[in-house]
Amino acid sequence: MESQLADMQSHLTDSYVTFLGKDLLTEEKLSDLISIMEEGTASTVSGAIEVYKGES
């Protein structure tokens with residue numbers, strides 16, 4: 001089970017680190033990005049990242 005979890009985490013990191021950046025790949029920060037999108041402040045992940053970083 002731990003091996004499967006490690007494989008899944010590795011896959012997620014490999015797949016999304018180039019898009020999100022390593023600094024945003026934490027559960028808390030991803031949750032913040034989701035909240036920004038659910039609130040309607042941003043409609044895309046890129047937009048949510050801009051809002052999160054205070055660029056918009």
Side-chain angles (χ1 to χ4, degrees):
M1 182 81 118
E2 288 179 23
S3 175
Q4 287 177 329
L5 180 58
D7 288 344
M8 288 175 23
Q9 288 173 328
S10 178
H11 171 72
L12 288 173
T13 299
D14 292 345
S15 298
Y16 297 102
V17 74
T18 56
F19 182 69
L20 294 172
K22 191 171 186 173
D23 60 318
L24 294 176
L25 283 180
T26 66
E27 184 177 349
E28 180 181 341
K29 291 177 182 177
L30 290 172
S31 179
D32 290 344
L33 293 175
I34 291 168
S35 294
I36 290 168
M37 293 180 70
E38 288 178 341
E39 292 168 357
T41 307
S43 59
T44 64
V45 174
S46 298
I49 291 171
E50 288 179 9
V51 170
Y52 183 83
K53 291 183 174 182
E55 297 173 1
S56 176

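No experiment lies behind these values; they were computed from the predicted model shown.
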Review point. Checking T13 side chain against Q9 main chain: does a donor-acceptor pair fall under 3.5 Å?
Key: yes
Review point. What are the two closest non-hydrogen atoms of M37 and S43, and how far apart are they?
Key: CE-O, 3.6 Å
Practice item. Indicate the atoms forming the closest heavy-atom contact of V51 with A42, along with that distance. Key: CG2-CB, 4.4 Å
Check your understanding: To the nearest 0.5 Å, how far apart are CD1 in I36 and OG1 in T44?
Key -> 11.0 Å
Review point. How long is the span from the OG atom in S10 to the CG atom in L5, to the nearest 0.5 Å?
Key: 11.0 Å
Practice item. Identify the two heavy atoms, one from F19 and one from V45, that lie closest to each other, and give their separation to 0.1 Å. Key: CE2-CG1, 3.3 Å
Check your understanding: How long is the gap from CD on E38 to OG on S31, to the nearest 0.5 Å?
Key -> 8.0 Å
Review point. Which pair of heavy atoms, one from L25 and one from L20, lies closest together, and at what distance?
Key: CD2-CD1, 3.6 Å
Point to revise | Separation between OH of Y52 and CG of D32, rounded to the nearest 0.5 Å | key: 5.0 Å
**Study point:** Trace of the side-chain contact (heavy atoms from CB on, under 4.5 Å) decision for I34 with E39
**Key:** CA-CA 9 Å; I34 291 168; E39 292 168 357; over 6 Å; no
**Study point:** Contact summary for L24 and K29, nearest pair of heavy atoms
**Key:** O-CB, 3.9 Å
